[in-house]
Number of protein chains: 2
Amino acid sequence: MTAESAVETLSYPAPDTACDLVQRGIDRGAMVTLFGRCAVEYEGRAESSLAPGDRHVTLKPDGAALVHTDEGQQPVNWQPPGCEHTVAVSDGTLLVRSTRETPAERLAITFERVAHAAAFDVSDPEDLALTGTEADLKERILDTPALVEDGLTPLATERETPAGAVDIYAEDAAGRTVVLELKRRRVGPDAVGQLDRYVEALARELHAETEVRGILVAPSVTDRARQLLAEKGLEFVSLEPP
Amino acid sequence: MTAESAVETLSYPAPDTACDLVQRGIDRGAMVTLFGRCAVEYEGRAESSLAPGDRHVTLKPDGAALVHTDEGQQPVNWQPPGCEHTVAVSDGTLLVRSTRETPAERLAITFERVAHAAAFDVSDPEDLALTGTEADLKERILDTPALVEDGLTPLATERETPAGAVDIYAEDAAGRTVVLELKRRRVGPDAVGQLDRYVEALARELHAETEVRGILVAPSVTDRARQLLAEKGLEFVSLEPP
DNA sequence: GGCTAAATATCGAGT
DNA sequence: ACTCGATGTTTAGCC
């Protein structure tokens, strides 16, 4: 182990030794991982208990904690960023705790056996570049409104109404007000309810002198959503993100 | 490294050596982790690109893949369970891929440098025991319906309607039909829309001979949700999971 | 801080 | 495989 080393690891360490490594890692802002047989208790917004088993534990320098089993994409237990990690040895067993207030939440990991412990010094200046999102769909429609309907003229995005902000506020060829609700993927009844609330709020605000049209723009809709659209006199246009 | 060893690790391995360890880990159903400087590309439902940085990579035996930076509870890139992991060395760099069909998704991780590689043999027979959920709230109400209202008699749970399954279907002291929609936490307008769809569907189904009441049961509601409840003639009862 | 909506949401049950 | 609704959703943006 040298000073410039970015990785520090131990295999089958004694509890005291593992505790030292974890404590040093936390102190210097490293990412700490543990693997071994452990039990996990959570108390906070809900409560959970996990009997002993082999799991992989990650403690991040931003305060996040993750407990992963060999299955699933989601951690079996976790703690969000902003928590405080502490480590101790009690009765010959390694104890890792991650806690926060507001809301009061407590995660406690008790190791029967530590098979591996590591601390990684991380440097990651890069941001994720993601495309194919709802924002991309909005750009596509603002670029080429005719994809939705000939003669459509966008007037504003994120226009405020008492029911919340409308994705795209527009006018059709006949000068009628049009509300566009965008979804990047197949939608259910929730999105129809959202669009309907916007249309009703705008109709009220504009005193219903001009008819307000509501158009849901998404790749597709579920059967129930299509039924709801018909009932409420709303429209649907099939369009995907670029 | 002995046959019964549950952990195999390497610090600063050459690409070939790391590739061997990862390949053996995948083959025997171990959980494999890598730490080092890598770039990540994703193509599938969306597309993303992540320039080189220090990250922690997990490959699970069920086909899940996780790429974690030093920040956040969520992985910066991931692949769900059911994917196939492959590893190779090309041009002196370690390449990890995780792919699946339906939908077609591809994750590619290119390591400039591997700081640490490990394979863990996992045995975890235990299930998580979780309480304080919506199911617990339902149990509480079925045990003591008077918590919602005196004289309330639950008749069915998950009763089917054209708008979906109702959480609790009941009768009040006056013999009127009551629909209960349960939420374990503070709710917004979406839940009101959901309850309203159930009430309307049941009123239609029962030919509106008896009035159908709708009650939202949750710890609390947002202002807009309360407004919507009033507009639609629905009710609210404050109740939390045990 | 409260409220609202998005997400490569994920996950599980039912059809 | 698709649909639908719950989640300790998480995360981000806005008022």
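Chain A is the first sequence line, chain B the second, and so forth, proteins listed ahead of strands; every chain is numbered from 1.
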Identified side-chain contact (heavy atoms from CB on, under 4.5 Å) counterpart of B/Ile141 within the set B/Leu180, B/Leu147, B/Val237 =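 Among B/Leu180, B/Leu147, B/Val237, the one that satisfies the side-chain contact (heavy atoms from CB on, under 4.5 Å) with B/Ile141 is B/Leu180.
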What distance, rounded to whole Å, do you find between the two [atom1] atoms, one in [N] and one in [M]?
| N | M | atom1 | result |
| --- | --- | --- | --- |
| C/dT10 | D/dA12 | P | 16 Å |
| D/dC14 | C/dT8 | C1' | 24 Å |
| D/dG5 | D/dT9 | C1' | 13 Å |
| D/dT7 | C/dA7 | P | 22 Å |

Applying side chain to side chain contact (heavy atoms under 4.5 Å, CB included), name anything that partners [X], two or more places apart in sequence or on another chain.
| X | answer |
| --- | --- |
| A/Glu112 | A/Arg37, A/Pro52 |
| B/Arg197 | A/Pro189, A/Asp190, A/Leu228, B/Ala163, B/Gln194 |
| B/Thr131 | A/Glu47, B/Asp136 |
| B/Arg159 | B/Ala156, B/Thr161, B/Tyr169, B/Leu202, B/Glu205 |

Give [X] one of three labels, base, sugar-phosphate or nothing, depending on what nucleic acid heavy atoms sit under 4.0 Å from its own.
| X | result |
| --- | --- |
| A/Glu105 | base |
| B/Arg186 | sugar-phosphate |
| A/Asp190 | nothing |
| A/Ala225 | nothing |
| B/Glu160 | nothing |
| A/Gln79 | base |

Consider only side-chain N and O atoms of A/Thr157 and A/Asp167, and report whether a donor and an acceptor are under 3.5 Å apart.
->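 Note: A/Thr157 and A/Asp167 side chains miss the donor-acceptor criterion.
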Toward the 5' end of DNA chain D, which comes first, A/Val76 or B/Tyr198, by nearest nucleotide?
->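 Its nearest nucleotide being more 5', the pick is B/Tyr198.
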Closer to the 5' end of DNA chain D via nearest nucleotide, is it A/Gly188 or A/Leu107?
->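 Nearer the 5' end of the strand: A/Gly188.
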Within residues 49-58 of chain B or reaching into it, pairs that qualify as side chain to side chain donor-acceptor pair (under 3.5 Å) - sequence neighbours excluded =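 Counting only pairs at least two positions apart or across chains, the side chain to side chain donor-acceptor pair (under 3.5 Å) contacts touching residues 49-58 of chain B are A/Asp124-B/Arg55, B/Glu41-B/Ser49.
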Is it true that B/Arg213 and B/Glu149 make a salt bridge, defined as a side-chain N closer than 4.0 Å to a carboxylate O?
->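 Salt bridge present between B/Arg213 and B/Glu149.
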A/Arg176 bridged to A/Glu171 by N-O distance under 4.0 Å |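 No.
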Salt bridge (Lys or Arg N to Asp or Glu O under 4.0 Å) with B/Arg186: which residues, sequence neighbours excluded?
->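 For B/Arg186, no residue satisfies salt bridge (Lys or Arg N to Asp or Glu O under 4.0 Å) once neighbours in sequence are set aside.
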Could you tell me which residues satisfy salt bridge (Lys or Arg N to Asp or Glu O under 4.0 Å) with A/Lys183, sequence neighbours excluded, listed by chain and number?
->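 So A/Lys183 forms a salt bridge (Lys or Arg N to Asp or Glu O under 4.0 Å) with A/Glu181.
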In whole Å, I'd like the distance from the [atom1] atom of [X] to the [atom2] atom of [N].
| X | N | atom1 | atom2 | result |
| --- | --- | --- | --- | --- |
| A/Lys138 | C/dA6 | NZ | C1' | 11 Å |
| B/Glu158 | C/dG12 | CD | P | 17 Å |
| B/Asp223 | C/dG1 | CG | P | 18 Å |
| A/Leu182 | C/dA6 | CG | C1' | 12 Å |
| B/Glu41 | C/dT8 | CD | C1' | 14 Å |
| A/Leu180 | C/dA5 | CG | C1' | 17 Å |
| A/Ile168 | C/dA5 | CD1 | P | 17 Å |

So which of residues 47-74 of chain A are in contact with DNA chain C, with a heavy-atom cut-off of under 4.0 Å?
->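 Heavy-atom cutoff 4.0 Å gives A/Gln73, A/Gln74.
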Kindly state which residues belonging to residues 123-131 of chain A come within less than 4.0 angstrom of DNA chain C, counting heavy atoms of the residue only, listed by number.
->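 Within this stretch, A/Leu128, A/Leu130 sit under 4.0 Å of the strand.
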Under 4.0 Å: is that the gap between some side-chain N or O of A/Arg185 and OP1 or OP2 of C/dA6?
->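 Checking A/Arg185 against C/dA6: no side-chain N or O falls below 4.0 Å of OP1 or OP2.
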Tell me whether the OP1 or OP2 atom of C/dA9 has a side-chain N or O from B/Trp78 closer than 4.0 Å.
->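 No, outside the criterion.
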Qualifying salt bridge (charged side-chain N to carboxylate O under 4.0 Å, His left out) pairs with a residue from residues 67-76 of chain A, counting only residues at least two apart or across chains =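 Listed by first then second residue: nothing to list.
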Between B/Pro81 and A/Thr133, which is nearer to the 5' end of DNA chain C once each is assigned its nearest nucleotide?
->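 The residue whose closest nucleotide sits nearer the 5' end is A/Thr133.
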Which residue lies toward the 5' end of DNA chain C, B/Pro80 or B/Asn77, if each is placed at its nearest nucleotide?
->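 The answer here is B/Asn77.
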Listed partners of A/His68 passing ring-ring contact (aromatic ring centres under 6.0 Å, His included), at least two apart =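 Result, ring-ring contact (aromatic ring centres under 6.0 Å, His included) vs A/His68: none returned.
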Go through DNA chain D in 5' to 3' direction and return only the first and the last nucleotide with some atom under 4.0 Å of chain B's heavy atoms.
->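 Listed 5' to 3', the contact boundaries are D/dA1 to D/dT11.
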